[in-house]
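Before I ask anything, let me first share the structure, which is written out below as structure tokens.
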Amino acid sequence: MSHASISADRDAAHWLTPRNLLRVSVVVAVITIVLKMLAWWLTGSVGLLSDALESFVNLAGSMFALAMVTIAQRPADEDHPYGHYKAEYFSAGFEGLLVMGASVAIVWFSVDRLLHPQPLEQLDWGMGLSLLSTVLNGALAWVMFRSARTYRSLALEGDAKHLMTDVYTSVGVVVGLLLAELTGWVWVDAVVGLLVGLNIMWHGWQLVWRSSQGLMDVAMEPQQLQVMEAVLAQQVLAAKSETGASISFDGMHTRQAGERCFVDLHLHVPGEWSLFQAAHWREQAEAALMAAVPGLQARIELLPEGANTLYEKHADEGMPPAGAM
């Protein structure tokens, strides 16, 4: 997604912020809990019970995600000079753990129902209520995914994926109920519940894994790196055209933290340049990078042409830098 399209999305739907959508998610979770628990009470279906249990997890996850997004938007302070953006990764990891916990409960109930099958009742009402909650979750998840891409919010994306897992669960449960009603095999309902539980466990693990990668300072996405490389190449050409001198960039290191991205790199300039002239090109390069990649914080270190930092010298020699273990 380009910078222009992201800006347009934010201007067109400024109210679709992560915090606002997570508030809506809390309300929708409460509504779906009521609908699904009623569907389970009417039918006695273990599949619908497993679906209702996951909605409780949706509610807890949405509330925790809302708290973490609120924390992530706090400004940088003395104790957190880089901001609080990584709080969103805790949200995604927490939701993943909740999903995995719910899957264990679903598998447990499904196995018990396989061993002790029970007849199902009032399936029409149960399936209707389940499908209504599915439509609500699906529509909200679609809006969340769009906003998550716009704001690069892992917490919002995690909640949207959780909702989509709930959608898949509900559809699978309804299919299982239809098969049970058509065939008379009540155990089909329990088998569907078991498969749903295992599928949810897999999605929960994926959320936990992705959040752990974010906490370990994962690099920026390849598409963003390509945009930055193109910007830096333009800066090199502009400097050559305006000054007749050659500048170069290297030593790029990037990381992501929620909706924020960070890049550190070196700008090599001719040794005879004044500090003022070198600082001008550094400022111009930083501004161009941050304009091309929304949410980016760029820091460029000035070096004379041909010089390297002490860390890079040790790295080139295959030796650890001073003080490293």
Side-chain angles (χ1 to χ4, degrees), residues 1-11 75-78 80-86 149-154 213-324:
M1 183 177 290
S2 67
H3 172 51
S5 60
I6 290 176
S7 298
D9 284 346
R10 292 193 179 191
D11 293 337
D77 53 36
E78 185 176 349
H80 306 86
Y82 287 95
H84 301 78
Y85 306 107
K86 284 194 175 183
R149 287 193 295 268
T150 301
Y151 291 93
R152 290 198 304 280
S153 171
L154 184 61
Q213 294 304 296
L215 291 172
M216 291 192 294
D217 287 340
V218 66
M220 291 172 59
E221 298 175 358
Q223 297 87 342
Q224 294 173 316
L225 295 177
Q226 291 176 359
V227 170
M228 291 195 297
E229 289 172 355
V231 169
L232 296 179
Q234 292 174 355
Q235 292 296 308
V236 171
L237 292 175
K240 186 68 173 178
S241 174
E242 294 183 25
T243 68
S246 297
I247 64 173
S248 62
F249 298 90
D250 63 12
M252 180 184 293
H253 293 85
T254 68
R255 66 182 180 91
Q256 294 184 8
E259 68 178 59
R260 278 290 186 179
C261 300
F262 300 86
V263 59
D264 296 299
L265 66 154
H266 301 148
L267 167 57
H268 296 267
V269 300
E272 65 272 13
W273 274 17
S274 68
L275 182 59
F276 179 83
Q277 186 178 16
H280 164 74
W281 284 99
R282 176 180 64 182
E283 180 180 357
Q284 183 168 298
E286 288 175 342
L289 287 171
M290 291 187 286
V293 181
L296 177 68
Q297 179 176 312
R299 292 185 176 181
I300 300 178
E301 181 179 359
L302 286 173
L303 289 172
E305 193 174 14
N308 284 321
T309 63
L310 181 61
Y311 185 94
E312 290 175 321
K313 289 179 180 178
H314 282 293
D316 292 338
E317 296 170 359
M319 299 172 56

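The chain is numbered in sequence order, starting from 1.
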For a 4.5 angstrom cut-off between non-hydrogen side-chain atoms, does Q224 reach T254? no
Is there a side-chain contact between V263 and M252, using heavy atoms and a 4.5 Å cut-off? yes
Counting N and O atoms only, with roles assigned by atom type, does the side chain of S241 sit under 3.5 Å from a partner on the main chain of L237, one being a donor and the other an acceptor? no
So which atom in K240 and which in S246 form the shortest heavy-atom distance, rounded to 0.1 Å? NZ-OG, 3.5 Å
Which residues satisfy the side-chain contact (heavy atoms from CB on, under 4.5 Å) test with A233, sequence neighbours excluded? none
Rounding to 0.5 Å, atoms NE2 (H266) and CZ (F249) come to a distance of 12.0 Å
Donor-acceptor pairs under 3.5 angstrom involving side-chain atoms of residues 276-297: please list them, not counting sequence neighbours.
unit_1	atom_1	unit_2	atom_2	d
Q284	NE2	Q235	OE1	3.3
E286	OE2	I300	N	3.0

Where do R255 and M220 come nearest, in terms of heavy atoms and distance? O-CG, 3.8 Å
Side-chain contact, heavy-atom cut-off 4.5 Å: I247 with P270? yes
Return the CD to CD distance between Q234 and E229, rounded to the nearest 0.5 Å. 12.5 Å
Side chains of L302 and W273: closer than 4.5 Å at any heavy-atom pair? no
